[in-house]
Amino acid sequence: MTSPFDLGGRVALVTGANTGLGQGIALALAQAGADIVAMGRSVPVETEAAVQAAGRRFAFVDAALDTTAPVSAAVAEAARAFGGIDILVNNAGTIRRNDALEFTEDDWDAVMGVNLKTAFFLSQAVARTWVEADRGGKIINIASMLSFQGGIRVASYTASKHGILGLTRLLANEWAARGINVNAIAPGYFETNNTTALRSDEARNRAILDRIPAARWGRPADLGGAAVFLSSNASDYVHGAVLPVDGGWLAR
Ligand code: NAP
């Protein structure tokens, strides 16, 4: 009997898959059987090698996602790569740190653009292909602990991550009956480029570690199981949910 978590024959479009969490997710989906289309502005050399080593096909669509300008053509190119898209993971994201009193409009727009606006219009473009083909699909948004909490010195990041959780619920409400599952994963504190500043600040690093029941930072591979679940038939009746993968952070 086929496992309900099997992704054989599926195609996953993952944004920002050249590094960090996107790379971990792409690799986990490939190991579960999916072919991977990576979309982003950096050539994902390592990810391509790892996906191919897992025996899956890999394609790259070059697109800077800070604006919606490339969305339509990039989604069309991604759909052509392996004959369609079954799973979209809106992972690409960025962060700007500054006191709220000093925060600039550029700090605001740069983060909101990629983390929220482009994620919405990518979801719309991919969902339109599914509706036109009268079929469903899976969308996974990458939320954050700052979808629930305020954080500090990250105004636009917190706004974008609260926003992505709201959008996850809105899109689930609109699209669940079409067989499109829209859900989110909320990673806790993970070792990636996004958290280099936090991890190199000894006091912040200690304060964060002291609050994580699992007593360690997350690693990109820790997200794999959640990503496979939300991409697979095992989650067909899961809509508008957010799955924290946080070493217990929210339980504290
Ligand atoms: P990361 O290592 O900095 O990776 C971010 C990815 O997004 C990279 O592939 C990056 O491409 C891409 N990206 C950023 N801006 C882009 C743009 N304008 N156009 C195209 N691609 C762009 O950080 P990460 O931690 O893996 O972050 C991945 C996601 O997880 C983000 O949404 C982040 O908010 C979220 N997250 C992370 C943590 C954590 O603890 N690390 C916790 C919660 C949520 P380049 O390499 O070209 O910059």
Side-chain angles (χ1 to χ4, degrees), residues 13-28 36-48 60-71 74-75 78 88-97 106-107 109-123 139-149 151 154 156-165 167-168 184-201 204-205 208-209 211-212 214 216-224 226-227 242-247 249-250:
L13 170 56
V14 184
T15 65
N18 57 303
T19 184
L21 304 188
Q23 183 176 61
I25 290 169
L27 189 51
I36 304 296
V37 182
M39 183 183 288
R41 62 186 176 185
S42 301
V43 181
V45 182
E46 260 183 41
T47 313
E48 174 170 19
F60 174 56
V61 175
D62 191 352
L65 302 173
D66 28 349
T67 75
T68 57
V71 164
V75 167
L88 166 65
V89 183
N90 282 310
N91 163 79
T94 193
I95 193 163
R96 295 277 179 95
R97 298 176 195 278
D106 182 59
D107 289 334
D109 290 342
V111 174
M112 294 296 272
V114 60
N115 291 19
L116 190 58
K117 185 172 178 180
T118 300
F120 172 75
F121 284 100
L122 275 174
S123 302
I139 297 178
I140 303 173
N141 292 322
I142 303 303
S144 165
M145 296 298 97
L146 299 187
S147 299
F148 310 104
Q149 300 174 318
V154 287
S156 52
Y157 188 82
T158 298
S160 73
K161 294 299 182 180
H162 272 63
I164 200 81
L165 183 50
L167 264 185
T168 300
I185 295 172
Y189 286 79
F190 277 68
E191 292 169 354
T192 69
N193 300 334
N194 178 294
T195 55
T196 306
L198 287 182
R199 284 179 289 116
S200 53
D201 176 336
R204 291 297 308 279
N205 186 42
I208 287 167
L209 272 179
R211 201 203 136 137
I212 301 175
R216 66 167 176 85
W217 287 74
R219 303 176 195 112
D222 289 319
L223 284 187
V242 56
L243 178 46
V245 181
D246 64 353
W249 173 276
L250 286 179

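Just so you know, ligand 1 is whichever comes first in the structure, and atom 1 is the first atom listed for that ligand. Side-chain atoms are counted along with the backbone in the values below, which use heavy atoms only and exclude waters and symmetry mates.
For atom 13 (N) of ligand 1, the nearest non-hydrogen atom from the set Gly218, Gly188, Ala92 belongs to Ala92.
Both the backbone and the side chain of Phe190 come within 4.0 Å of ligand 1, counting heavy atoms alone. Contacts with ligand 1 closer than 4.0 Å are made by side-chain heavy atoms of Lys161 only, the backbone lying farther away.
Nearest protein heavy-atom contact of atom 3 (O) of ligand 1 is Asn193 CB, 3.5 Å. Of the protein's heavy atoms, Gly93 O, 3.3 Å lies nearest to atom 14 (C) of ligand 1. Closest protein heavy atom to atom 24 (P) of ligand 1: Thr192 OG1, 3.5 Å. Nearest protein heavy-atom contact of atom 16 (C) of ligand 1 is Arg41 CZ, 3.5 Å. Taking atom 43 (C) of ligand 1 as the reference point, the nearest protein heavy-atom neighbour is Pro187 O, 3.5 Å. Counting only heavy atoms of the protein, atom 32 (O) of ligand 1 lies nearest to Asn91 O, 2.8 Å. Closest protein heavy atom to atom 20 (C) of ligand 1: Leu65 N, 3.5 Å. Among protein heavy atoms, atom 9 (O) of ligand 1 sits closest to Asn18 OD1, 2.4 Å.
Aromatic ring pairs are classed by plane angle as parallel below 30°, tilted from 30° to 60° and perpendicular above 60°; the pair Trp217 and Tyr189 is perpendicular.
Near Gly20, with a cut-off below 4.0 Å to any heavy atom, the atoms of ligand 1 are 2 (O), 26 (O). Within ligand 1, counting atoms from 1 as listed, the ones closer than 4.0 Å to a heavy atom of Tyr157 are 33 (C), 34 (O), 35 (C), 36 (N), 43 (C), 44 (C). Heavy-atom proximity to Leu21, at under 4.0 Å, picks out these atoms of ligand 1: 25 (O), 26 (O), 30 (O), 36 (N), 37 (C), 38 (C). Which parts of ligand 1 touch Ala64 is read off a 4.0 Å heavy-atom cut-off, strictly below it: atoms 19 (N). Atoms of ligand 1 found under 4.0 Å from any heavy atom of Asn194, numbered from 1 in the order shown, are 3 (O), 23 (O), 24 (P), 25 (O), 33 (C), 34 (O), 41 (N).
More than 12 non-hydrogen atoms from other residues, nucleotides or ligands lie less than 6.0 angstrom from CZ of Arg211. For Gln149, the CD atom counts as densely surrounded, since its 6.0 Å shell holds more than 12 non-hydrogen atoms of other residues, nucleotides or ligands.
The closest approach between any non-hydrogen atom of Thr195 and ligand 1 is below 4.0 Å. Using a 4.0 Å heavy-atom cutoff, Pro220 is absent from the residues neighbouring ligand 1.
The backbone N or O of Phe190 lies less than 3.5 Å from a partner atom in the side chain of Thr195, making a donor-acceptor pair.
Side-chain polar atoms of Asn141 and Thr168 form a donor-acceptor pair below 3.5 angstrom.
At least one N/O-N/O distance between Gly16 and ligand 1 falls below 3.5 Å.
With salt bridges taken as basic N to acidic carboxylate O contacts below 4.0 Å, one links Arg96 and Asp106.
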Run the side-chain hydrogen bond (donor to acceptor under 3.5 Å, both in side chains) check on Asn205 and Ser200 step by step: do they pass?
CA-CA 7 Å; Asn205 186 42; Ser200 53; over 6 Å; no
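Among all heavy-atom pairs drawn from Ser42 and Asn18, the shortest one is CB-ND2, 3.4 Å.
Put simply, the residue from Ile142, Leu223, Ile185, Ile140 that forms a side-chain contact (heavy atoms from CB on, under 4.5 Å) with Asn91 is Ile142.
In this structure, the side chains of Leu198 and Arg97 come closer than 4.5 Å at one or more pairs of heavy atoms.
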